[in-house]
Every structure is written in structure tokens, then in C-alpha cells.
Amino acid sequence: MKNLCNVLSAAALACFTVAVQARAVGYRSPTEFIKPYKRQALQDIVTWDKDTIFVNGERLFLYSGEVHPYRLPVPDLYIDIFQKIKALGYNGVSFYVDWALLEGKPGEYREEGVFNLKPFFEAASEAGIYLLARPGPYINAEVSGGGYPGWIQRVQGLLRTRAKDYLNATDNYMANIGKTIAAAQITNGGPIILVQPENEYTNSNVKPFPDGEYMQYVEDQIRNAGVVVPLISNDASPQGHNAPGTGVGKVDIYGHDGYPVGFDCSNPTVWGDRQLVTDWYTKHLTQSPSTPFSIIEFQGGSFDPWGGPGFEKCLQLVNAQFERVFYKNLYSFGVTILNFYMTFGGTNWGNLGHPGGYTSYDYAAVIAEDRQVNREKYSEQKLQANFFKVSPAYLTASRGSASTKQFTTNPAITVTDATNNSTKFYFVRHTTYNTLDSASYKLTIQTSAFGNTTVPQYNGTSLSLNGRDSKIHVSDYDIGGKTLVYSTAEILTWHKYDDKTVLVVYGGPGETHELVLAVTGLEVLEGDVKSTATRGYTLLNFEADGTRKVAKVGVDDFVYVYMLDRNSAYNYWSVDQGPHSNADAVILKAGYLVRTAKVDGSALVLTGDVNATTPIEILGGAPSGLSKLTFNGEELDFKTSDEGVVSANVDFSKPDLKIPDLSSLDWKYINSLPEIQSSYDDSDWKDADLVKTYNSHRDLNTPKSLYSSDYGYHTGTLLYRGKFTATGAEKTFSIITQGGTAYGSSVWLNDQFLGSWKGLASEYFGTSTFNLPALTANETYTITVVIDNQGLDENWTIGTETAKNPRGIMDYNLDGHDKASVSWKLTGNLGGEDYIDKSRGPLNEGGLYAERQGLHLPGALAADAGWVDSAGPVADGLTKPGIGFFAATFDLNIPGGWDIPLSFTITNSSARAYRAQLYVNGWQYGKYVNNIGPQTRFPVPQGILDYQGTNYLAIALWGHEDGETKLGGLELGVDAVVKTGLGSVGVVKGETYQGRQGAY
Ligand code: GAL
């Protein structure tokens, strides 16, 4: 009907009638009906065909990594992440937007301070990275509520469906974020080239599903805000939902995701027999043959839950071998839009995570949470991405199918080919993909030069695939007008310069490789190379034994072939000079990181990072007659060899660092549980007076709602006070609290501790029954309940409404009483949805007394808050169950020009149950649960920490058990010392302590 309305003006009346009817069902307006989004090309900068997207007419493999700006609230560090991703050879980044952080109160959208996306966009443009924007409104992403603000719990209609109140609830956010995204589109000079509506619109237990009308609504929200670039989907598995075709709710480009080894890192060496998929390309051809084969999220690491084995294990599960085997399998399908989730994970600071994860969201990604790039998987990914940057024939190649016979006689080897004219790619893996065995093979390939040839040809040599590995061999491969007849060694990069061509290839340790160039005239410059020359061809055969081999092939127009073992190849970089052009790439060998390279007249200006004295060798791209070479602005002595290779040394000597000993700080202490004292005044708390909950997902078991979100409290610690008049006969009090997995709760009767639900990694609610002391008849008693809200659950499967799982008290029973005889009040963060600290957003601050008073904010030590001297959370701790708040300041003086990630480590002290929260300059940057774990090290980025000034550190310590509670240890440590080309990092502005009016 939509298209008819558009085309036939005579049918306008009929259209209007239909539209009005549609409005009556409630979710489309007449004007929306006639928007021809799918009919016209809205712009011509980003286009696509069946093989790839084009940007400004240029075909691209969108090689992308997932990064969440909200998990790194330091705008000056965005450029660091983008440059580290660009250095890998990527050209894209995908990002989610977390609605929960932007609209903490319905109707009040705030995209300011650390939540402003513009610095993220600017840094992407500066680094030369295209962006895929993923605003949801539902994102999953291991964030609280899957991105939903807590107030979504009061929406009656089913989430992620066409329910009118649900859709209305999303309108304000989508209009605002849509406008922000629209303004940063490439059509407006910004970096955004694609937008994804919804996320994993794939699993549902309600019908209709998939509901095109619902998806169309989300798409219209985005289009109405001015988004003109193509819309792309992310099915959780290849179901074909919303793939281009007729009907509503279709996207322009269909994509899906894949996490083949899942998220249990506890057995990191186990790859199940069926975890390598083989049918995705065939599925693609049936589901969306007219769009590029697109994987919007592919496993780049793993999340890890409370009580999990920790990210070190995930790093073993999704390691460099995983990248080789699983990613090369995707290339064999011809993927040309590929996003790795995550590429930089970051931190779930300030309660932004869901209960299924702890503070670190390192994700075992290629870039570590503390931004280090020393993981092998970073380097492996660099080898792969760089290859595609220089292999345009891949983009439009026709894809063959996997064969154990066609190219080799060893059935243990499976080869999938791809062909573009005469150029061929051979994707080689073990037939039993997860075997640890080695297989020896020869490959029979087609070349224009020799017809069918079995390689390697050199006397008695053969290829081998050792353990978990996969390779890409090529034939008839163009290197800037010269032909690489074949190469069994993998190509890292090549570039044709005015005076020479540089080709860098590598093989796994100990492997033999062979390549043939359609060029003659050979001089071996370095190492042991076996060679033959015939009729215009030069064959090079080498062993990747750790010693570099260099051959100079040609007569006056030379090809320099660098033959490396893989570990050595990790030190090579190809750096683009322009943001989106590798026309003048500089190829060099360096160390830890190369960020930028720029020829400036006869000078070459490099920036990068080193963590040791680092020899640099520029193989190609330095101006001839180089006059000056700088690294991070420092001039280097250099030599130029007869072959034009420039070599220099970047010196490194560690600066003297003074890191404060936290045990000797001047600690102050305040009791953060005054609520259990009889003098405590709770008159400003909210009365729990709702006889009906707004929550459509779960009915009440109590006479009045005790669900925190009914009252606007969605984050951090929750407190309840229940008053009753005793009969004197009460023996027990039992209570069911719910806070999300690994949460804890503690209960007091007046100031007497009754006990705690200490928390279990996989329990999201708990039942506790406490014996009561003898109560005096007719006296009034107060029960105080403290509950740790771990964040709201996600809503992955539509219809389950899990994001509406309430937090708070679910039920209780007091001996001999009607439930109604206990009258409750509650509080969470001060102000609830009218949260006080706008700079850190709606989630950073919970309901602890110290938080409500703002004592976690810098400057609070000057407040007349009743601070007393203390020896700190390690030496003094708490003498009895309760909640205490420790604070101190310390100075840092870390020199500029260095990237020195710091982290706080809490030592696990004993089997005792307790939890702690760490605040750094007002930002909640760590949640520690001693009895569950696993996280003990809490990285805090520069910018949150002031590296040249005074820092305010606070610890809230909550003892769940009788007796004293102390942290086993608390230290600030240096995680790396890196001399950096990153510019200065400003301290992020956040609100400081001001006496809070009305705080209770
Ligand atoms: C995907 C989802 C992401 C994230 C990921 C697991 O299914 O789209 O948002 O939750 O799983 O880390």
C-alpha cells in the first residue's frame, strides 16, 4: 500500500483511509506512509552491489572493529583507539549507543560531556575510519537493560514489538540520536557510512515474528531523523530476517553475526567438532544474493560473567589461532563487510553493565582494556587486515566451494578457492578443522604462466599446516603491474613505489614456502633463499626459520621481496598517509605501534609507541634523499642503504615513576549505613505506596509494590526501611530480594544485624530467613534492607520481557503478621530519575548514604560530613557487618609523552563475603565481590585519573558477615611503560562535591 499511495495520486483518498485505519491500530502516521525511503536513492556516496559496498565509487572491504565510546569516557583517548585500529589495517569501526545513559528520565535526552558523541566522530575522521552506527534502541551489548533505561520497566506493552506505548517510549531517544547520527554521516562530511536499526531481531516467543511493521517503525525513526546512508541488519544467526525484498521492515543490506565458540572461557583449548560453519555462503545466496555477504558481529573475544574464569582464559579461547582458522573461513565465503566484536572492550564503569558481567569488559579483544596492543592476536589480525587492503581482486572474486580433492591429494586438507579473472585465492584449512595434527601437502594450482602446476616445485619441498592453522595462498596475483605467479607464503603487504616494488610475505614457524615472480634478475640480499630462474620467471623457496631473507628481483625496476617468519612479520607495518588512501603507504619494520607516517618535503614524520629501544627500518615510502626523520617529534639519526632502506633507532629508557603507596595515605572514614540508627530520619524517602505495580511482566506478591523501578530507582544500591509494631511473638523474618546475578543483600532489625544474602554467581534472587531476637510487644521496629542492584537484565528473546525483571524486595514474611502490617519506604540514588550528577550520567551513582551525600565526588573531604581519621580499608576495615566509606587523596606526577596505564588491585583476603566499590575522582570504576570474583585488577584510564595532579580515591566497603571485614590489600600499580606518540590527555570534567540540598 505504501508504494501504491506514492505512485497513484488518484488513490490518495484510499491511501488516507488506510492510513487513518493504521493510525487507529496505533503506530504509523499518514505522512510516514508516503515516505518513499525504499524507492529512491537517498544519496550516492555509499552504494552497494552483490559483492561490496562502495564509498565515493570505490569498492571496499569494510574491515571493522566494535568499540563502545561509552565504555571509555575519556574523549581524548578516542584517537588512541582509532589509530590503533587503523594501524591494524582496518578501515571501519562499529559502535553502539547506550540509550540508558542518554535518557535517564523520560523526555530528558542528554548527550553532553562524556556522552557527547562528536569527539568520537571527529577522532574517527582524523584517523581515517568509517563508522557503522548502531543506536538500537535495543542493543544487548552486556549493558544494563540491554540499553533500555530503567523506566522502560513501567511500559506496559511488549518490548521490541509494535506495542504503541513501547514505540512511543523510544521516539524521543530515536529522534535525538537519529539527528546526531544524521549530522555525522559521510554525506555531511562525517565518518558514518552505515546505520543499523535494532539489534539481533531474531528470537521471539511471541507472534507476529519477525514483524516487518515493527522493524519499519524503527527504520522510519532513523530515516525521519535524516539518515540517508544504507541501513544494515544484524540477525543473531543467518535467518534472513528483514533481508531486502518486498514488504515492510526490510533493510538495504542484510547482515548477521556469529560467535562460534561461545562464551564459556573455562575450557579455552576446546573447539567443538561442529563449531566451524561451512554453509554461510550458500545461505547468503538464498537469503540476500543482491547484497554483500556481511557479518556485523563476529567473535573477537568473549564476555565473562561474575564467578567466571577471567579474561586471561578468554584470551586463550579466542586467540591468534582462532583468528587464523575462523576468520580465514569467513574470507573463504567472500565476506566483505566484517565487524569484530569487540576490538576494544573497555570498562563497565558506573553501573552501566548488566548483571552477567563485572566491571572489566576487556572481552579478550585485540586491544586490551588498558589500551595495550601487546597481545599476539592484535598482530595476527594486522597480518590479515593488511592483506585485504592490497588485494582488490578478492572483492569481486567468484567463490568456489570447499574441496578435499580438487587442489591437493591429501584429504586431511580442505581448500576453498575464489577466482577473479585469472587471479586465484586458495583458502586452506584442516578438513578436521580443530585437529592439532600437522598435515603435509602440495597444492595443484592454475597459473597463466605454467597452466596446472603442483607447488612447491623446488626439489623435494612441501607445504605444511601445523595444528590449528589456516592459510591463504594466491596465484596470478597482481603487485602493481607485475605478476606474482603464485605464492604459498602469505602476503602481508606490497606497494609499488616510483622506484621499486616492496613485497612482504611470511610463513608459520619452520614452514617452507615458495613464490614465483614473473620477473627475472635475482640478487639475494639477505639470508638463505633457494631459487631457480626460467623463461622470465624467478622462483624463490625459503624456510620461515626466524632469519629474514631478502631478494632483489628485476633488472632496473626491482621488486624487493622480504620473506619472514610470522613472528617477525608482526613487527612490520604499512601506514597510510591519507585518511582513506593507501596510495602512498609507508612500509616499515618497527616495534610496539606505528600510528602515522607523513612525508613532508624531504622529511619523514613518524608517530608511534615503543616499549623498548626499537630499531626502525623503512622499506618503502621514505622520500628519496631523505633529509630528516622524526619519531614523535624527535629527530633520529639514520642511515640509508644502497638499496634505499632507511634505518634508525628509537631510544627508550624508563622514566622515574613515583606511584603512591595507598596504605600510607591519609585516609578518612565515614559510616555509610546511618540508616540503621534509631535517630535516622527517613521522612524524605519515598513511601512504597503503589498497590499496583507498573511492571507488566511480574505481579506483586506484596500488598504494595517494592519494585525499585516503580519508584524511579534503577541503578546501584537500593535501601528499604520497613516499620512494624511488634506483637512480641515474632520468631522469624524471611525475605526474597532480587538484584541480578551475584548481587548481595543484608538485613538489620533496628541496629541489630540479622544476616545477608551473600550472593552466588548465577543466582539473581535469594531467599533468606532470619531468627529474630525477642521483641517487645507494641514497640515499633525498623527492618533495614540493603540490596545491591547489579544492573537490569537484557531482553535478547522478544516476549520474555527479561529487561523488566524487577529489582528490590519481591516478597517477605514476618511471623504472625499480615504483610500489610509492615509499611515500607525506599530509596536509591538521590533524585532517582532526576539524578544529581549530570556529568557522570544516570547510572554512576547508587543509593549508598555516602553516594546520596555526594561524598564520592572530588572535594568531599572538605565537607563537614563527620569524617574521622582512619588507617584505610585494608588496615582498619569494618569492625562489624555494615557499610563503611573510606576516602583519601593522592598525587600523581607522570611525565607527558608516556602512556602508562595504571590499575588498582584488590587482594582477595579470605573466604569471607563482602563487596566493595571503587571511586576515582567521582567515577565508579570498580565493583569487587570477594566471595565471587573473578576481577581483582581494575584499570582506570588516564583522564579519569589526573596524571599531573591530585586524585580523590574512595572505597565503599560492605561487610556481609559477622565480625570484621578488611580488604586483603589495595594497590595502585603500573601495567606498562610505553613511550607514546599519543597527544596529551585532558582530565575529564566531572561535577565536584557541593553540599547537596535535601540529601538524606
Ligand atoms: C551479540 C549481541 C551483542 C553482544 C554479543 C555478546 O549477540 O548482538 O550485543 O551481546 O552478542 O557479547
Side-chain angles (χ1 to χ4, degrees), residues 68-83 101 110-120 122-123 126 344 346-350 352 359 369-372 609 655 657-660 662 665 836-841 843-845 851 854-863 887-904 917-926 938-955 972-994:
H68 300 151
Y70 54 85
R71 283 182 158 122
L72 180 64
V74 184
D76 284 350
L77 290 176
Y78 294 149
I79 190 68
D80 184 48
I81 301 298
F82 283 124
Q83 286 183 338
L101 295 168
R110 290 177 190 277
E111 197 191 294
E112 40 191 53
V114 298
F115 305 110
N116 183 353
L117 287 160
K118 285 194 194 79
F120 188 72
E122 283 161 11
E126 185 186 335
F344 166 74
T347 309
N348 293 323
W349 63 275
L352 74 80
T359 307
E369 180 185 10
D370 62 13
R371 297 175 293 103
Q372 288 195 67
D609 294 18
L657 295 173
K658 286 193 192 59
I659 302 300
L662 301 182
L665 303 182
I836 311 297
D837 179 359
K838 302 291 189 276
S839 65
R840 298 179 184 82
L843 300 183
N844 184 63
E845 194 176 301
E851 291 175 308
L855 300 178
H856 59 298
L857 300 177
L861 282 177
T889 59
F890 64 85
D891 291 340
L892 289 175
N893 184 10
I894 295 181
W898 291 85
D899 186 5
I900 299 181
L902 301 178
S903 61
F904 293 87
Q917 290 190 147
L918 171 80
Y919 308 81
V920 180
N921 294 324
W923 308 82
Q924 195 258 74
Y925 241 86
F938 298 88
V940 178
Q942 182 177 2
I944 294 302
L945 278 166
D946 183 346
Y947 272 27
Q948 258 123 35
T950 301
N951 291 277
Y952 181 56
L953 171 68
I955 300 271
L972 180 59
V974 169
D975 293 323
V977 178
V978 176
K979 200 171 169 184
T980 185
L982 175 67
S984 66
V985 179
V987 178
V988 177
K989 286 206 184 70
E991 281 179 26
T992 53
Y993 176 80
Q994 322 275 325

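For clarity, every value in this text was computed on a predicted model and none was experimentally measured.
Side-chain contact annotation: T359 with N348, donor-acceptor N/O pair under 3.5 Å absent. Side-chain contact check for D946 and N951: no donor-acceptor pair (N or O, by modelled atom type) lies under 3.5 Å. There is no side-chain donor-acceptor pair under 3.5 Å between Y78 and E122.
Distance check, rounded to the nearest 0.5 Å: CZ of F904 to CG of L662 gives 6.0 Å. For the atom pair CD (E845) and CD1 (I836), the distance works out to 7.0 Å, reported to the nearest 0.5 Å. Here the CG atom belonging to N844 is positioned 9.5 Å from the CG atom belonging to L352, to the nearest 0.5 angstrom. Separating the CD atom in E111 from the CG atom in N116 is a distance of 6.0 Å, to the nearest 0.5 Å. Taking OG1 from T992 and CG from L857, the interatomic distance works out to 7.5 Å, rounded to the nearest 0.5 Å. Atom CG of D80 and atom CG of L72 lie 8.5 Å apart (nearest 0.5 Å).
Contact between V74 and G943 at its shortest, heavy atoms only, is CG1-CA, 3.9 Å. Nearest heavy-atom pair, L855 versus A863, reported as atom, atom and distance to 0.1 Å: CD2-CB, 4.5 Å. G990 and S839 make their closest contact through CA-OG, 3.4 Å (heavy atoms, listed as atom of the first residue, atom of the second, distance). For P655 against P895, the heavy-atom pair with the smallest separation is CB-CG, 4.0 Å. Scanning all heavy atoms of the two residues, the minimum distance from L953 to V920 falls at CD1-CG2, 4.4 Å. The two atoms that bring I79 and A123 nearest to each other are CD1-O, 3.6 Å, heavy atoms only.
Between V988 and P75, some side-chain heavy-atom pair lies under the 4.5 Å cut-off. Side-chain contact between L77 and L982 is present, with at least one heavy-atom pair separated by less than 4.5 Å. Side chains of I894 and L902 form a contact here, defined as non-hydrogen atoms less than 4.5 Å apart. With contacts defined as side-chain heavy-atom distances shorter than 4.5 Å, the pair T347/P939 does not qualify. Put simply, the side chain of D891 does not reach to within 4.5 Å of the side chain of P660, judged on heavy atoms. At least one side-chain heavy atom of P73 sits less than 4.5 Å from a side-chain heavy atom of Y925. Side chains of W898 and L657 form no contact here, defined as non-hydrogen atoms less than 4.5 Å apart. With contacts defined as side-chain heavy-atom distances shorter than 4.5 Å, the pair Q917/E851 qualifies.
Here the side chain of Q948 pairs no donor or acceptor atom with the backbone of L892 at under 3.5 angstrom. Under a 3.5 Å cut-off, the side chain of Y947 and the backbone N or O of I900 do form a donor-acceptor pair. With hydrogens and angles ignored, the 3.5 Å screen pairs no side-chain donor or acceptor of E991 with any backbone N or O of Y993. Between the side chain of N921 and the main chain of I944, a donor-acceptor pair closer than 3.5 Å is present.
With D899 as reference, R371 is the one residue of Q942, Q372, K979, R371 to meet the side chain to side chain donor-acceptor pair (under 3.5 Å) rule.
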Q) After noting the C-alpha distance and the side-chain angles of W923 and L945, does the key distance pass the side-chain contact (heavy atoms from CB on, under 4.5 Å) rule? A) CA-CA 10 Å; W923 308 82; L945 278 166; over 6 Å; no
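Note: Y919 and Y952 fail the aromatic proximity criterion, with ring centroids not under 6.0 Å apart.
Ring geometry for W349 versus F115: interplanar angle under 30°, hence parallel rather than tilted (30 to 60°).
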